[in-house]
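Both ligands and their constituent atoms are indexed starting at 1 by order of listing.
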Amino acid sequence: MSSVALAFSGGLDTTVCVPLLEEEYGYDEVIGVTVDVGQPASEFEEAEETADALGLEYHVVDAKEEFAQLCFDSVRANATYQGYPLGTALARPVIAKAILGVAEEQGCTGIAHGCTGKGNDQLRFEAIWRDSDLEVIAPVRELGLTREWEQEYAAEKNLPVEGGSGGDWSIDTNLWSRSVEGDKLEDPGYVPGEEIYAWTDAPGSETEEIEITFEQGTPVAIDGESYDPVELIQQLNEVAGAYGVGRTDSMEDRMLGLKVRENYEHPAATTLLSAHEALEGLVLTQEEREFKQLIDQRWAKKGYEGLVDAPLVGALEGFIDETQKRVTGTVTIRFEGGQARAVGRQSQYAAYSAEHASFDTETVGKITQEDATGVAKYHGFQRRLANEAIAANEADVELKADGMGEAEE
Ligand code: ARG
């Protein structure tokens, strides 16, 4: 008996995939798999009910911890792509690996997803799955299905779908971000109302300060209280979300080259990224910070591509690990006007001397103010010479233009 593992959400796309995998691809059995990366409980209920109604063998794999760890790796890399902290992108390899695990355990010969041929997720899933010998199947893409066709087919087959669940928008939620796209949002000029948001309240005039503690670049505590990674993220989503922190509205350049209008909510991610960067600002040297931007940007790009297991990422993390050894300390964040702003920071590794920087001290150790005089004399020296040369030749050119230069020769 041949079986195929299907990434299953209970939505329209993955539900129509079930009979199609049998009819069109000849599988005897479809095994549904949902991977828990922190979706709301209602999504699991929907998936389970639908799986039940379809008579599907159904598995749920809890990958929240692994996912939260990866989110924290992304904080160490200050990772965002066009303002988006990569929630969907980072979750995909975690989900793909978990489904592959079930598929192998259950002796499946195929593995399938319900992604269309337009998005990023097909690429992220398949990069992992094509590492195996399983037949990779993408029914929606391969059969060129449209939403309308799927709805008709579902009605005809009496499939248990409530005509495109989740309302008008296409929503993807996990611990790190909630993304909203489609429908009216496809018009880049359309200004969405509050109804697209579920994690954030509209920013008001209230403010609050919290302290976030990092150990070697990894967040470990809020206001002195330790949390495990999953709880820490959940807690911050609640607290920062209440102040309207972490909303992004962008024209996202997808991997295939399409631009897509995306709206995101990510209160915890925004807060942690802001705090982490502030702590790096205290601890790392100027040249480390400057070079790390290049490293971070590359990390974020691989994250967006769903390729966090590429050797390049391991190499980038060699640099990141080395710098993060000192990124230990506490940052005070103020939620204000929809922002999570760092308003204080402290670390035992601060590359900072109040004594040296202060306006109130003249001589510290062997360094006096006067020592800067020599530096000041040389600062900009080369450009002075160059500009003098330019000016001298300009005078020459003007003389020539007046015909006086030539007359003299
Ligand atoms: N464009 C984002 C990404 O590729 C998120 C897409 C989320 N999907 C959705 N149906 N809202 O990472």
Side-chain angles (χ1 to χ4, degrees), residues 7-17 34-35 37-40 42-43 46-47 67 70-71 73-74 77 79-96 113-128 138 140-141 145-147 150 161 164-188 190 192 195-200 246-270 273 297 299-308 313:
F8 188 72
S9 71
L12 181 62
D13 288 323
T14 57
T15 300
V16 302
C17 281
T34 303
V35 181
V37 283
Q39 305 88 315
S42 58
E43 288 191 20
E46 184 188 349
F67 179 51
L70 184 57
C71 295
D73 288 347
S74 81
T80 57
Y81 176 79
Q82 298 181 340
Y84 150 55
L86 304 173
T88 297
L90 295 177
R92 291 304 175 259
V94 174
I95 294 170
H113 62 70
C115 306
T116 69
K118 299 197 175 180
N120 292 320
D121 287 342
Q122 51 175 340
L123 308 178
R124 296 168 180 150
F125 279 133
E126 292 182 34
I128 306 281
V140 176
R141 180 184 71 205
L145 308 187
T146 61
R147 231 172 147 73
E150 289 177 4
V161 283
S165 61
D168 299 334
W169 324 110
S170 165
I171 294 172
D172 182 63
T173 310
N174 60 48
L175 278 175
W176 205 231
S177 66
R178 177 175 175 274
S179 120
V180 190
E181 59 181 35
D183 197 55
K184 278 184 264 172
L185 292 169
E186 286 176 358
D187 170 5
Y190 171 74
E195 69 276 6
I196 69 162
Y197 302 110
W199 285 11
T200 54
R247 291 181 172 184
T248 302
D249 180 338
S250 73
M251 293 307 298
E252 185 171 306
D253 292 299
R254 282 189 182 164
M255 281 185 261
L256 291 176
L258 296 169
K259 276 189 193 294
V260 175
R261 203 275 183 83
E262 288 281 7
N263 280 266
Y264 296 103
E265 297 180 279
H266 36 77
T270 295
L273 289 163
Q297 230 172 51
W299 197 104
K301 185 127 190 282
K302 298 318 282 181
Y304 187 72
E305 292 167 354
L307 302 177
V308 286
V313 175

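Checked against a 3.5 angstrom limit, the closest N/O atoms of Y264 and ligand 1 fall inside it. Residue contacts with ligand 1: R124 is placed with a nitrogen or oxygen under 3.5 Å of a nitrogen or oxygen of the ligand (distance criterion only). Remark: ligand 1 and R254 share no N or O pair separated by less than 3.5 Å (distance only, no angle test).
When only non-hydrogen protein atoms are considered, atom 6 (C) of ligand 1 lies nearest to E262 OE2, 3.6 Å. For atom 7 (C) of ligand 1, the closest non-hydrogen atom on the protein side is S179 OG, 3.1 Å. If you check which protein heavy atom lies closest to atom 10 (N) of ligand 1, you get S170 OG, 2.5 Å.
Each of Y84, W199, Y81 was scored for a ring-ring contact (aromatic ring centres under 6.0 Å, His included) with Y264, with one residue passing: Y84. Considering D121, D172, N174 as possible partners of T88, the one that fulfils the side-chain hydrogen bond (donor to acceptor under 3.5 Å, both in side chains) test is D172.
Figure legend: cation-pi geometry between R124 and Y304, with NZ or CZ positioned under 6.0 Å from the six-membered ring centre and within 45° of its axis.
When each atom of ligand 1 is checked for a heavy atom of E252 under 4.0 Å away, the hits are 1 (N), 2 (C), 3 (C), 4 (O). The atoms of ligand 1 that sit less than 4.0 Å from any heavy atom of A89 are 12 (O). The contact set between ligand 1 and N120, taken as ligand atoms under 4.0 Å from a residue heavy atom, comprises 3 (C), 4 (O). Within ligand 1, the atoms closer than 4.0 Å to a non-hydrogen atom of D172 are 7 (C), 8 (N), 9 (C), 11 (N), numbered from 1 in the order shown.
At least one donor-acceptor pair closer than 3.5 Å links the side chain of W176 to the backbone N or O of P85.
Ligand 1 lies out of reach of W169, whose nearest heavy atom is not under 4.0 Å from it. Close to ligand 1: Y84, with a non-hydrogen atom less than 4.0 angstrom away.
When side chains are defined from C-beta on, E150 counts as touching V140, because their heavy atoms get closer than 4.5 Å.
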>> side chain to side chain contact (heavy atoms under 4.5 Å, CB included), that's the test. Do V180 and Y197 meet it? Break it down for me.
In response: CA-CA 8 Å; V180 190; Y197 302 110; over 6 Å; no
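Salt-bridge check for E43 with R178: failed, with every basic side-chain N at 4.0 Å or more from each acidic carboxylate O.
Of all non-hydrogen atoms in T34 and A47, the two that sit nearest each other are OG1-CB, 4.0 Å.
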